[in-house]
Amino acid sequence: MAFTSFAGRKYKVLSDQVKESTSFDEIPVIDLTQPQNELINSLKDACTRVGFFYISNHGIPQSIIDRVFSSAEDFFKLGTEIKQQVHFKKGNALCGYEGIQNVHTDETRKADLNEAFSWRYSPDLDPFQGHGKSFQTGTVAKSDNSDNFLVSGQNLWPETKPELRLAITEYYGQILTLARRLIRLFALVLDLPGTYFDEMMKHPGSMGKILHYPPQPAFNTDPPFGIGAHTDIECFTILCQGGNVPALQVLNPTGEWVLAPPIPGTFVVNIGDMLARWSNDTFRSTIHRVLNITGQERYSLPVFIGPSYDTVIKPLETCLVDGAKYDPVSAGLYVWKRLAVSRLEKDEYERLLAKMESDFEPIVV
Ligand SMILES: O=C(O)CCC(=O)C(=O)O
Ligand SMILES: [Fe+2]
């Protein structure tokens, strides 16, 4: 069976024949508190064979997680008019509110059956860069910047729900710390010095998102998906699933959809395309989708993590046994193209693309 990697409008056949031994039928659970050598071995297996794993004992208190979900539920209950005030089209950072079926992740299927609110990394959300400093207020993006999100401070926060911003700030700060811990472990898995990515993670190219998936009928021959089949864009994703609403499905190499149900006290981590590309396909970025036929409302909270947008993603020295498979690309441009293609009208995408390409050509050393 052939299957595809979804990169905006491009579809790539990955494989026609897959050895059973490289497949998986469940998502491993990795305890972050196990001895370091065992931890590295489990991560190596999960990142190279599955591309998805749960982490337990991650150290983030449940109360901080609960606060984000409860303020998010309140936000999504607001009237459309209020939510539209922070619609992503009001800003230039490709983040903010997205309504039901605003986004078309898998263009071969119907648009996504979710609504979402997203925000982008900004130093005022980062415990290491000065929480509380230079908070940007208001719901309108600054107008002094160009059409891109490679500058920070573009978030659109709902003014009527200040508690959402507070809860996100607390949660996202903790996730950034966890992400910096994980990238050190990935460096070791890739035979690099543990601190290899540290500098590039000081101002990470990152976005967080809260998704609300309404329930949908169980029987439909051509259903819209909560989110269509896709691979994630950045280096890795830390996903928290709210409640007990199993709906996330992960495609294994033999073409079966493996359920990744919520497991209390864990996060799901998955490798994204940027780290697969950076590691010259040593790490696997795995296709997944959401179908919520549980009859319940579902909420989830992914945070996408990548290096600073000026980082050049060029296959790592330790992953070159078969030669480099990819050309260098700048992280910011790579992310922008992927987000913009499924969100902007074609004309607007093309107009902005030309500008982005001239502003952010990678400088290869
Ligand atoms: O809601 C989920 O469980 C997954 C969301 C997801 O895959 C994404 O936002 O990229
Ligand atoms: Fe995803």
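As the structure lists them, so they are numbered: ligands from 1, and atoms in each ligand from 1. All values below come from the heavy atoms of this structure, side chains included, with hydrogens, waters and symmetry mates left out.
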Does a salt bridge link [X] with [Y], judged by any charged N lying under 4.0 Å from a carboxylate O?
X: D281; Y: K325; answer: yes
X: R277; Y: D273; answer: no
X: K337; Y: E357; answer: yes

Which ligand 1 atoms does [X] reach within 4.0 Å, using its non-hydrogen atoms?
X: H288; value: 7 (O)
X: V290; value: 1 (O), 2 (C), 3 (O), 4 (C)
X: L239; value: 2 (C), 3 (O)
X: F304; value: 8 (C), 9 (O), 10 (O)
X: P302; value: 9 (O)
X: H230; value: 6 (C), 7 (O), 8 (C), 10 (O)

* Using a 4.0 Å heavy-atom cut-off, say whether T237 meets ligand 1 through its side chain, its backbone, both or neither. => neither
* What part of I227, side chain, backbone, both or neither, has a heavy atom within less than 4.0 angstrom of ligand 1? ->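 Only the side chain of I227 comes within reach of ligand 1.
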Atom of [X] closest to the Fe ion (ligand 2), considering N, O or S atoms:
X: H230; result: NE2
X: D232; result: OD1
X: H288; result: NE2

* Asked: Quick check: does any side chain N or O of R284 sit under 3.5 Å from a backbone N or O of C47, one acting as donor and the other as acceptor?
  ->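 No; zero donor-acceptor contacts below 3.5 Å.
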* **Smallest separation among heavy atoms of H58 and R181, with atom names** => O-NH1, 3.6 Å
* To do: Kindly give the heavy-atom pair with the smallest separation between P224 and L113, and that separation in Å.
  =>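 So the minimum-distance heavy-atom pair works out to CG-CD2, 4.1 Å.
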* Could you tell me if the ring centre of F197 sits under 6.0 Å from that of W278? =>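 Yes; W278 has its ring centre under 6.0 Å from that of F197.
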* Could a heavy atom of R298 be found less than 4.0 Å from some atom of ligand 1? ->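 Checking ligand 1 against R298, which is what was asked, there is a heavy-atom contact under 4.0 Å.
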* **Close approach of K209 to ligand 1, heavy atoms, under 4.0 angstrom** => no
* To do: Give the residue and atom name of whichever protein heavy atom lies nearest to atom 5 (C) of ligand 1, and the separation in Å to one decimal.
  =>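 Heavy-atom neighbour on the protein nearest atom 5 (C) of ligand 1: Y213 OH, 3.5 Å.
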* Quick one: do the D106 and T108 side chains pair a donor with an acceptor below 3.5 Å? ->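 Yes, because at least one side-chain N or O of D106 sits under 3.5 Å from a partner of the opposite role on T108.
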* D126/H203 under side chain to side chain donor-acceptor pair (under 3.5 Å): CA gap, chis, key distance, verdict -> CA-CA 9 Å; D126 187 346; H203 192 294; over 6 Å; no
